[in-house]
Amino acid sequence: MAERIPVAWPGKPLSRAFFNRPATTLAPRLLNKVLASADGRAGRIVEVEAYAGAIDPAAHTYRGKTPRNAVMFGPPGHMYVYFTYGMHWCANCVSGPEGSGCGVLIRALEPLQGLAQMRAARPRIANDRDLCRGPARLTQAMAINGAQNGIDLVTSLDGFAIVDDGMAPPRNVVGGPRIGISVGKDHPWRWSVPGSRYVSGTAAQRG
DNA sequence: ATTGGGATAATCT
DNA sequence: GATTATCCCAATT
């Protein structure tokens with residue numbers, strides 16, 4: 001049996017049960033949790049989007065299971081990492097119930113630890129605010145790519161976990177429209193920490 | 001705040 | 001074979 005490698009931020013890794021909720025329920029609850037790696041990096045989740053499978057034309061899983069999206073149809077708590085726009089990786093955590101093809105896209109982090117490693121991974125970025133401000137930026141900063149597709153965030157055997165360090169999600173968050181999609185724009189399934197400087201998008205998109 | 005270039009895999013016709 | 005994609009960056013206004 002492999003040994004669990006502690007991640008960089010103190011707290012309790014989220015359980016399988018925590019992830020086993022519908023994406024639209026899980027997403028706002030992930031705000032203020034911490035995505036952490038075993039190699040010393042950590043960032044607080046400040047922005048997320050839910051993708052709701054068969055009922056959501058913007059979801060990769062809308063048209064059923066394919067080799068690319070297979071992880072999303074698996075157990076909750078695993079990470080679905082996909083490549084897009086010819087150059088970018090984005091990371092989701094699979095939500096429940098298993099088989100529903102639903103997940104939550106992590107869109108932005110407030111960098112907490114491993115800043116030097118993040119800067120090294122994104123050498124052109126002058127401002128630490130922009131290290132993890134965007135779904136493809138945070139994967140670069142955290143060193144997430146296709147090699148992490150399908151890893152289990154609950155056991156954290158593959159070096160990543162989402163931990164609860166005691167900070168509650170913001171109260172009274174409201175969902176807004178998702179970003180970067182061409183269909184399903186009517187669903188208000190994007191949530192962020194109000195007032196956070198580390199949320200992605202333009203001022204208009206942030207509200 | 002807005003533009004346009006960048007570069008590729010998966011999926012659809 | 002064509003299209004589009006859960007975007008980023010640098011350069012402009």
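So that the names make sense, note that chain A is the first sequence line, chain B the second, and so on, each numbered from 1. It should be emphasised that the depicted structure is a prediction, and the values quoted were computed from it without experimental measurement.
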By the 4.0 Å heavy-atom rule, please label A:A59 as base, sugar-phosphate, or nothing. base

Just by modelled atom types, is the A:N145 backbone N or O under 3.5 Å from a matching donor or acceptor in the A:T139 side chain? no

At under 4.0 Å, does any side-chain N or O of A:S200 touch on OP1 or OP2 of C:dC7? no

Measuring from A:L35:CG to A:L153:CG, what's the distance to the nearest 0.5 Å? 7.5 Å

How long is the line joining CG of A:N127 and P of C:dC8, in whole Å? 15 Å

With rounding to the nearest 0.5 angstrom, report the CZ to CG distance, A:R68 to A:N149. 10.5 Å

Spacing of CG belonging to A:N20 relative to CD belonging to A:E98, to within rounding of 0.5 Å: 8.5 Å

Whole-Å distance, A:I144 CD1 to C:dC8 C1', equals 17 Å

Side-chain donor-acceptor contact under 3.5 Å, A:S200 with A:R107: yes

First locate atom CE of A:M72, then atom CE of A:M79, and finally report the distance between them rounded to the nearest 0.5 Å. 13.5 Å

Polar atom pairs between nucleotides 2-7 of chain B and protein, under 3.5 Å, N or O only, would you list them?
from  : atom 1 : to    : atom 2 : distance (Å)
B:dA7 : N3     : A:Y85 : O      : 3.1

Short side-chain to backbone donor-acceptor contact, A:S37 and A:R41, under 3.5 Å: yes

Ignoring hydrogens and geometry, is there a side-chain-to-backbone donor-acceptor pair from A:N69 to A:G64 under 3.5 Å? yes

If I take atom CZ from residue A:F18 and atom CD1 from residue A:I162, how far apart are they, to the nearest 0.5 angstrom? 8.5 Å

Centre of A:Y51's six-membered ring, under 6.0 Å away, within 45 degrees of the axis: is that where NZ or CZ of A:R178 sits? yes

Passing candidate, side chain to side chain contact (heavy atoms under 4.5 Å, CB included) with A:L131, options A:R137, A:M142, A:R119: A:R119

Quick one: label A:A136 by what it contacts on the DNA or RNA (base, sugar-phosphate, nothing), any heavy atom closer than 4.0 Å. sugar-phosphate

Lys NZ or Arg CZ of A:R21 over A:F19 ring: under 6.0 Å, within 45°: no

May I ask you to decide if A:G11's main-chain N or O and A:D165's side chain share a donor-acceptor pair within less than 3.5 Å? no

Rounding to a whole Å, what distance do you find between A:F83:CZ and C:dC8:C1'? 12 Å

For DNA chain C, which residues in residues 97-120 of chain A have a heavy atom at a distance below 4.0 Å? A:L105, A:R107

Side-chain donor or acceptor of A:R16 paired with backbone N/O of A:P76 under 3.5 Å: yes

Please report the interatomic distance CZ(A:F160) to CD(A:Q148), rounded to the nearest 0.5 Å. 5.0 Å

Find out if a path of hydrophobic residues (ILVMFWY) with successive side-chain heavy-atom gaps under 4.5 Å connects A:L105 to A:I179. no

Any salt bridge linking A:R122 with A:D128? Criterion: basic side-chain nitrogen under 4.0 Å from a carboxylate oxygen. no

Minimal non-hydrogen separation, A:P57 against A:V183, with atom names: O-CG2, 3.4 Å

Which pair of heavy atoms, one from A:R129 and one from A:R133, lies closest together, and at what distance? O-CB, 3.5 Å

Every protein N/O lying under 3.5 Å from an N/O of nucleotides 9-13 of chain C:
from  : atom 1 : to     : atom 2 : distance (Å)
C:dC9 : OP1    : A:R122 : NH1    : 3.1
C:dC9 : OP1    : A:R122 : NH2    : 3.2
C:dC9 : OP2    : A:R122 : NH2    : 3.2
C:dC9 : OP2    : A:R137 : NE     : 2.8
C:dC9 : OP2    : A:R137 : NH2    : 3.3

Find the distance A:I179:CD1 to C:dA5:C1' and express it as a whole number of Å. 15 Å

Gap between atoms CZ and C1', on A:R178 and C:dA5 respectively (whole Å): 14 Å

Just the table, please: protein N/O against nucleotides 1-3 of chain C N/O, every pair under 3.5 Å.
none

Here the distance between atom C1' of B:dA9 and atom CH2 of A:W89, to the nearest Å, is 9 Å

Could you pull out the protein-nucleic contacts involving nucleotides 10-13 of chain B (nitrogen or oxygen on both sides, under 3.5 Å)?
from   : atom 1 : to    : atom 2 : distance (Å)
B:dT11 : OP1    : A:T66 : OG1    : 2.1

Measure CG/A:N145 against P/B:dT8 and give the value in whole Å, please. 15 Å

Show me the dot-bracket string of DNA chain B, counting Watson-Crick or G-U pairs under 3.5 Å, with | for pairs to another strand and [ ] for crossing ones. ||||||.|||||.

For A:T84 and for A:L138, locate the closest nucleotide of DNA chain C by heavy-atom distance; then report the residue assigned to the nucleotide nearer the 5' terminus. A:T84

